[in-house]
Enquirer: 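Could you have a look at this structure, given as structure tokens, before my questions?
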There are 2 protein chains.
Amino acid sequence: MNQTEAPYPQVLVSVDTVVLTLQDDALHVVLVRRSQPPFEGVWALPGGYIHAQEDADAQDSAVRVLRDKVGIAGAYLEQLATFSGPARDPRGWSVAIAYCALVSSAQLPPHDGVKRVPVAALGQLPFDHHAIVAAALARVRNKSQYSSLPVHLCGETFTLPQLQQVYESILGEPLNKVSFRRKMDEMQLLEAVPGAMRSGGAHRPAQLYRVRAPFQQALALSVRGL
Amino acid sequence: MNQTEAPYPQVLVSVDTVVLTLQDDALHVVLVRRSQPPFEGVWALPGGYIHAQEDADAQDSAVRVLRDKVGIAGAYLEQLATFSGPARDPRGWSVAIAYCALVSSAQLPPHDGVKRVPVAALGQLPFDHHAIVAAALARVRNKSQYSSLPVHLCGETFTLPQLQQVYESILGEPLNKVSFRRKMDEMQLLEAVPGAMRSGGAHRPAQLYRVRAPFQQALALSVRGL
DNA sequence: GAAATAGTGTCTCTTAGACATTATGAA
DNA sequence: TTCATAATGTCTAAGAGACACTATTTC
């Protein structure tokens with residue numbers, strides 16, 4: 001920020017969110033139907049303007065957008081990147097501060113004008129929302145290679161086989177079971193819940209785990225990946 | 001102030017740049033003396049407003065700021081993060097899209113009202129520039145653990161011992177020479193220049209290298225770090 | 001007991017770092 | 001020849017993955 005060049009240009013500033021969740025072992029992105037022009041009636045990323053009187057910062061704006069337009073509270077949220085230029089919005093030169101949220105299916109209640117679309121089957125999106133989603137996917141897939149990020153797609157408790165399946169769904173490749181468990185152990189990310197889960201049927205039940213308190217918000221990092 | 005259209009928030013948007021360079025084996029950040037209020041006469045990060053008529057996007061604005069205010073052209077530049085809130089600028093709720101640039105000493109010519117300060121001896125900075133610098137340092141130190149990022153602090157050609165010293169200056173710890181060379185080799189980042197460099201004195205000269213064309217802009221990544 | 005999945009033990013192959021050795025120029 | 005640093009060879013320790021084996025539930 002620096003010395004003025006006369007009047008400030010009129011630049012539109014908004015916040016867009018990429019909400020990712022898992023359904024049927026596949027990443028889905030949440031879209032909302034736009035109620036106003038431009039692109040009225042079109043499915044798009046949840047977004048909105050900054051409320052200067054109300055928001056403590058842009059992340060706070062994103063939290064508000066998620067609450068009001070998607071009905072989500074308490075999601076894992078991180079800033080993704082900022083997209084800008086004269087062409088991305090027909091109203092003129094604009095800036096979109098993009099955030100990425102990860103939620104479990106349970107955190108995502110049915111909500112009017114909200115749907116989930118598999119990222120593999122995303123159609124056309126308005127604005128540059130396709131590029132924003134692509135950036136979110138790249139970020140999540142990259143971070144999943146060395147951090148605990150994917151736990152935010154799970155519910156309160158989960159089994160290690162379930163968590164491994166979540167990682168595999170994101171990364172798109174199978175993982176070695178022994179190595180996976182070694183890494184989870186090293187990260188000291190999880191604690192066992194004293195109760196076993198019984199899955200579908202005729203087999204040994206799996207131990208349930210929850211995320212340890214220090215990592216409810218922060219990520220755990222694995223030194224040498226995975 | 002210009003609150004022309006009702007639904008759009010009154011938010012100031014600017015671009016700030018953290019220019020990092022090496023001097024005496026220590027990271028330095030480039031500051032410019034502000035010529036206008038607020039904080040007139042104070043040393044701060046180079047920044048400026050977006051020129052909607054002129055800039056193709058915010059990164060383009062950053063390139064222009066670096067050219068006009070610091071005299072830099074062709075620097076490695078990447079978006080860092082976006083800082084926002086009501087308190088960071090006395091003029092009101094503001095958004096700063098921050099970029100990080102890495103330049104060699106040679107790319108940074110003497111320029112009026114421009115100085116380099118060791119990051120270890122950074123005093124007070126106006127706005128939230130201290131947080132922006134901290135984010136840049138965290139990013140650069142992290143990425144230097146697994147990528148070719150530090151080559152952008154070197155000049156056109158350099159020796160492997162020099163490059164290792166650059167990495168060590170950034171990371172703040174010595175590296176294993178054999179492993180370092182293995183990794184550089186695996187990344188296929190460098191190509192030898194047919195001419196040896198003679199350093200200070202009575203010892204074997206070192207081979208000069210340059211960055212291979214595919215990595216002039218993009219980064220080379222090492223799978224398992226370093 | 002059979003089937004199915006959870007969880008662990010162990011071996012091997014790969015990789016990283018420590019150390020030692022050779023190379024090459026200047027004084 | 002000595003000195004200083006460049007460059008490389010090699011051994012060892014640590015880590016990751018493959019595989020196999022045990023555990024525990026339902027039917």
Side-chain angles (χ1 to χ4, degrees), chain A residues 25 144-148 150-151 154-155 157-169 171-210 220-226, chain B residues 25 144-148 150-151 154-155 157-169 171-210 220-226:
Chain A
D25 292 337
S144 296
Q145 291 176 339
Y146 60 87
S147 81
S148 62
V151 298
C154 299
T157 62
F158 45 85
T159 68
L160 281 176
Q162 283 176 336
L163 183 59
Q164 182 171 349
Q165 175 60 54
V166 170
Y167 272 84
E168 290 173 343
S169 299
L171 297 173
E173 62 182 6
L175 298 178
N176 182 283
K177 183 169 63 166
V178 177
S179 297
F180 180 77
R181 284 160 181 258
R182 262 197 298 247
K183 287 299 182 179
M184 288 299 135
D185 192 49
E186 284 169 14
M187 286 199 283
Q188 303 188 67
L189 170 70
L190 306 174
E191 61 187 1
V193 181
M197 164 188 189
R198 66 193 66 234
S199 62
H203 59 271
R204 175 173 175 177
Q207 175 65 53
L208 279 172
Y209 292 86
R210 71 167 77 92
L221 304 178
S222 174
V223 186
R224 262 172 287 276
L226 232 159
Chain B
D25 291 338
S144 297
Q145 291 175 338
Y146 60 86
S147 82
S148 61
V151 298
C154 298
T157 63
F158 44 85
T159 68
L160 282 176
Q162 283 175 336
L163 183 58
Q164 181 170 349
Q165 175 60 54
V166 170
Y167 272 84
E168 290 173 342
S169 298
L171 298 173
E173 61 182 7
L175 298 177
N176 182 283
K177 183 170 62 166
V178 177
S179 298
F180 180 78
R181 284 161 181 257
R182 262 198 299 247
K183 289 298 181 178
M184 288 298 134
D185 193 49
E186 285 169 14
M187 288 199 284
Q188 302 187 67
L189 171 71
L190 306 174
E191 60 187 3
V193 180
M197 165 188 191
R198 64 194 68 231
S199 60
H203 59 274
R204 175 173 175 178
Q207 175 65 52
L208 278 172
Y209 293 87
R210 72 167 76 93
L221 303 178
S222 174
V223 187
R224 263 171 287 277
L226 230 160

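Convention: sequence-line order gives letters A, B, ...; per-chain numbering from 1.
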Enquirer: Without decimals, in angstroms, what is the distance between A/Asp185 CG and C/dG9 C1'?
Expert: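 Computing the A/Asp185:CG to C/dG9:C1' distance gives 15 Å.
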Enquirer: Taking the side chain as every heavy atom from C-beta outward, state whether B/Gln145 and B/Leu171 have any pair of such atoms under 4.5 Å apart.
Expert: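 B/Gln145 vs B/Leu171: side chains touch.
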Enquirer: Please determine, for the side chain of A/Arg182, which listed nucleotide (C/dG25, C/dA16, D/dA16) has the closest atom?
Expert: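 Looking only at heavy atoms from C-beta outward on A/Arg182, the closest nucleotide is D/dA16.
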Enquirer: Confirm from the modelled atom types if A/Lys183 and D/dA16 form a donor-acceptor pair under 3.5 Å, side chain to base only.
Expert: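 Donor-acceptor pair under 3.5 Å: no.
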Enquirer: What is the distance, rounded to the nearest whole Å, between atom CD of B/Gln164 and atom P of D/dA7?
Expert: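 Rounded to whole Å, this separation is 11 Å.
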Enquirer: Rounded to whole Å, please give me the gap between CZ in A/Arg181 and C1' in D/dG17.
Expert: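 Rounding to the nearest Å, CZ of A/Arg181 and C1' of D/dG17 are 15 Å apart.
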Enquirer: Let me know, please, whether B/Val178 or B/Ala202 comes out on the 5' side of the other along DNA chain D by nearest nucleotide.
Expert: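 Of the two residues, B/Ala202 wins.
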Enquirer: Could you check whether any side-chain heavy atom of A/Pro161 comes within less than 4.5 Å of a side-chain heavy atom of A/Arg181, counting everything from C-beta outward?
Expert: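 Contact flag for A/Pro161/A/Arg181 side chains = yes.
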Enquirer: Whole Å only: how far is the CZ atom of A/Phe158 from the P atom of C/dA6?
Expert: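 From A/Phe158 CZ to C/dA6 P: 15 Å.
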Enquirer: To the nearest Å, how far apart are A/Leu175 CG and D/dG15 C1'?
Expert: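 Atom-to-atom, A/Leu175 to D/dG15, this comes out as 16 Å.
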Enquirer: On the nucleotide C/dA4, are OP1 or OP2 found under 4.0 Å from the side-chain N or O atoms that A/Arg204 carries?
Expert: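 For C/dA4, neither OP1 nor OP2 has a side-chain N or O of A/Arg204 closer than 4.0 Å.
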Enquirer: Report the distance from atom CD of B/Gln207 to atom P of C/dA23, rounded to the nearest whole Å.
Expert: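 After rounding, the reported distance stands at 17 Å.
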Enquirer: Kindly say whether, by distance alone, the side chain of A/Asn176 makes a donor-acceptor pair under 3.5 Å with the base of D/dA16?
Expert: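 In this structure, the two groups form no donor-acceptor pair.
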Enquirer: Return the value, rounded to whole Å, for the distance between atom CG of B/Leu160 and atom P of D/dT5.
Expert: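 For the pair B/Leu160 CG and D/dT5 P, the rounded distance is 17 Å.
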Enquirer: Taking the side chain as every heavy atom from C-beta outward, state whether B/Phe180 and B/Leu163 have any pair of such atoms under 4.5 Å apart.
Expert: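 A side-chain contact under 4.5 Å exists here.
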Enquirer: In whole Å, what is the span from the CD atom of B/Gln162 to the P atom of D/dA6?
Expert: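 Whole-Å distance recorded here is 9 Å.
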Enquirer: So B/Glu168 and B/Pro174, do their side chains get closer than 4.5 Å, heavy atoms only?
Expert: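 Yes, at least one pair of side-chain atoms sits under 4.5 Å.
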Enquirer: About how many Å separate CG of A/Leu189 and NZ of A/Lys183, when rounded to the nearest 0.5 Å?
Expert: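 That separation rounds to 13.5 Å.
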Enquirer: Once hydrogens and angles are ignored, does a donor-acceptor distance under 3.5 Å link the base of D/dG17 to the side chain of A/Lys177?
Expert: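 It does not, because no donor-acceptor pair links the side chain of A/Lys177 to the base of D/dG17 below 3.5 Å.
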Enquirer: Using heavy-atom distances to pick each residue's nearest nucleotide on DNA chain D, tell me which of A/His203 and A/Glu186 is more 5'.
Expert: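 It is A/Glu186, whose closest nucleotide lies nearer the 5' terminus.
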